[in-house]
Amino acid sequence: MRLILLSALILVGLGTTLYQVKTGIDERQDRLHRLELRIADTKRDIAVLEAEWAYLSRPERVMTLSGDLLQMKPIGQDRILPLDAIPMRIEFGQADLKKIVFNPAIQPKKKDQAE
Amino acid sequence: MNSPLQKLRRLILPPRPDPARSRRIAEGRLMIGCLVAFGIFITIGVRIVGLADASASTRLAKSAAAITTERGRILDRKGRLLAGNLPITVLHADPSEIMDARDAAAKLAPLLTQHDHASLTKLLTKKTRYVELDRQLPPKRHAQILQLGIPGVYFAKGAVRVYPREYAAAHILGHVDTDNIGIAGIEKSMNAKLAAGEDVTLSIDLGLQAVIRREIQQQIDSFEAIGGAGILLDIKSGEMLAVASLPDFNPNQFALANDDMRFNRATKGLYEMGSTFKVLNTAIALESGAATTNQRFEVSKPMRVSRFTITDYHPHNKPLNVPEILIYSSNIGSARMAEAIGAETQRAFIDKLGLLDRLELEIPEISRPLSPKSWHRTTTVTVSYGHGISISPAHLASAVAAASGNGHWIQPTLLKRQTGDNPLRLRVFSEKTARAVRSMMRLVVSHEDGTGNFAEARGYMVGGKTGTAEKIQVGGYNKKANLATFVATFPVHDPRYVIVILVDEPKGQKHSHGYATAGWVAAPAIRRIVEQIAPMLGVLPVDEQSPLIRQKLLLDFTIGNEEATLASY
């Protein structure tokens with residue numbers, strides 16, 4: 001009698017666990033599907049944004065905009081120098097400073113400072 | 001209550017329970033039974049709803065999976081999007097489920113752009129189970145149609161192929177049909193890979209492509225030409241960094257493009273390249289030992305070869321050496337060099353440079369050059385200055401890359417090379433020959449008598465060769481229809497890039513003093529292109545007079561006046 005009762009209990013326990021596992025799997029599968037859906041949706045959104053960005057960053061458009069709005073031009077070769085073409089910094093004495101011809105535009109200010 | 005009968009009964013049977021108490025117990029039991037039954041029903045109910053929901057989400061997940069395996073993208077060498085997919089909603093209907101077609105049509109007509117009431121009614125009364133009403137339904141319309149609640153009308157998610165950069169590299173990208181199957185360009189040749197959802201990375205650089213396209217377009221406009229082509233080739237890797245063919249088309253509106261726009265002049269167009277071939281002729285002559293750099297050839301009299309007479313644009317009354325022949329672009333000199341080379345040797349070199357066979361690029365739009373079957377004396381002579389053989393601009397670029405680079409012919413490609421890739425490499429010319437050739441190409445641009453002065457982009461050491469060829473027409477050559485070509489190598493002290501520019505049928509203009517030659521039409525485009533792309537490619541300007549640069553070039557040529565050597569070039 002006790003044996004029957006015990007095995008019945010075990011059976012019930014096993015049945016419940018099996019059911020739990022099964023429903024658990026279903027639940028997880030659902031979650032997985034929902035996540036997959038969200039990923040797909042996000043991917044679609046990304047695709048749209050990427051295409052839009054690609055369209056807006058067309059070189060022709062950027063060239064026109066940078067020319068019209070920022071007055072940008074291709075860099076001339078005279079503006080490109082390798083690093084070692086730039087002379088090393090020279091330490092100036094006070095006497096040397098006077099020899100330097102300042103930019104005429106800012107010269108008056110320098111004079112004021114000298115006085 | 002205490003009758004003797006009752007006493008007797010109490011002796012035999014257990015005492016009778018209190019009716020009120022047993023009623024309570026019964027009620028309790030009933031309640032428990034009810035609750036259990038109720039609980040079971042609730043559980044079953046919940047499970048039913050849950051299962052129904054689960055099957056719905058499984059269905060949705062399946063449709064999501066269908067979307068994720070959409071066509072792969074096409075990217076440029078820096079990973080910028082050239083072709084991608086845009087999600088769209090397809091509106092379709094099942095006419096057998098539509099109860100009142102006229103009413104449905106009346107409701108839908110104002111919301112659809114492609115159909116009116118009559119055409120919708122016709123569609124919705126068809127005896128099929130599927131009619132497509134709109135392929136690209138905007139989200140707002142989608143919501144409005146949902147609100148109409150017409151039974152039998154369905155929405156499906158789909159994707160449409162988009163080319164967000166519009167005209168950039170349109171010919172290389174190609175196109176897909178309505179079923180998203182590639183029908184041209186990379187879309188066709190790489191269809192299997194793309195259809196499997198894999199991305200394809202091209203060797204094309206979007207920025208360089210845009211610059212080259214714009215500059216060729218400008219030359220076409222200012223010389224009223226009918227078309228043009230341009231190629232930028234990386235000498236060391238064989239990668240094509242830019243391939244432009246004009247007029248081009250917007251692949252998003254492929255149906256609007258005519259055949260001329262769809263034609264890829266850069267890889268499929270075959271042209272007699274004219275004097276640009278003299279670069280190859282010079283290289284072959286030096287390599288085969290038929291000439292040395294200071295050997296002179298008689299050019300004072302027109303040369304007769306069977307029924308042809310070969311003349312020079314500017315006649316010279318004294319023999320010219322090899323660099324002079326290239327700088328002055330002497331046809332007679334080139335012809336004499338070719339005769340010294342010999343037909344067989346010349347053909348062997350032309351073959352090694354891949355000019356007798358189709359250039360195996362990764363697009364279907366390639367063609368086999370037109371070359372004579374038997375290589376006669378006339379062939380040898382005319383090929384030396386680029387006639388009698390028709391090749392594509394891509395052919396020219398790869399051949400000149402071999403002659404002016406380091407002597408290797410490298411299989412060109414439209415796909416980005418991965419590290420570890422080992423492209424086909426053939427040694428055609430020696431290092432020494434290539435160095436001499438590019439030094440001479442530099443003189444074409446830098447020497448005051450050179451034909452390519454307008455290509456000079458200061459500091460970037462451009463070398464090149466002009467080619468102005470009369471176009472073939474039925475029965476001979478058309479003197480009025482020219483093909484202006486320029487092939488350039490830069491920087492010549494450390495050759496890395498080859499540019500080919502071709503302008504088809506330019507007309508002489510006031511601003512060019514009536515000239516429509518390559519020196520006027522194609523060379524200025526080379527200058528502007530180099531000035532813009534050199535900083536993009538990381539090529540630094542150099543001082544041409546510095547000994548470091550000069551020692552990398554061959555300078556012991558005598559050009560023009562015997563006394564004035566190249567010390568001052």
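For clarity, every value in this text was computed on a predicted model and none was experimentally measured. Atoms considered below: every heavy atom in the structure, side chains included; atoms not considered: hydrogens, waters and symmetry mates. Naming: A, B, ... by sequence-line order, numbering from 1 per chain.
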The interface call for B:Arg213 against chain A, heavy-atom contacts under 4.5 Å, is side chain

Can you tell whether the side chains of B:Arg73 and A:Glu50 come within less than 4.0 Å, N to carboxylate O?
yes

Here the pair of heavy atoms bringing B:Ala210 nearest to A:Met63 is CB-CE, 3.9 Å

Between the CD atom in B:Glu531 and the NZ atom in A:Lys73, the distance rounded to the nearest 0.5 Å is 13.0 Å

Honestly, the part of B:Tyr460 sitting under 4.5 Å from a heavy atom of chain A is side chain

- request: Could you tell me whether the side chain of A:Arg58 and the main chain of B:Glu166 form a donor-acceptor pair under 3.5 Å?
  value: no

Check your understanding: Do other residues, nucleotides or ligands put more than 12 heavy atoms under 6.0 Å from the CD1 atom of A:Ile4?
Key -> no

Residues B:Arg165 and A:Ser57: closest non-hydrogen pair is NH1-OG, 3.0 Å

B:Pro164 and A:Ala51 have their tightest heavy-atom pair at CB-O, 3.5 Å

message = If you count heavy atoms of other groups shown closer than 6.0 angstrom to CD1 of A:Ile75, is the number above 12?
response = no

Checked B:Arg458, B:Arg80, B:Gln532, B:Met536 vs chain A; the most non-hydrogen pairs under 4.5 Å come from B:Arg458

So, the part of B:Ile88 with a heavy atom under 4.5 Å from chain A: the answer is backbone

Cut-off 4.5 Å, heavy atoms of chain B, and the answer for A:Asp41 is side chain

Honestly, the part of B:Leu86 sitting under 4.5 Å from a heavy atom of chain A is side chain

Of B:Val162, B:Leu206, B:Leu82, the largest count of non-hydrogen pairs under 4.5 angstrom with chain A goes to B:Leu206

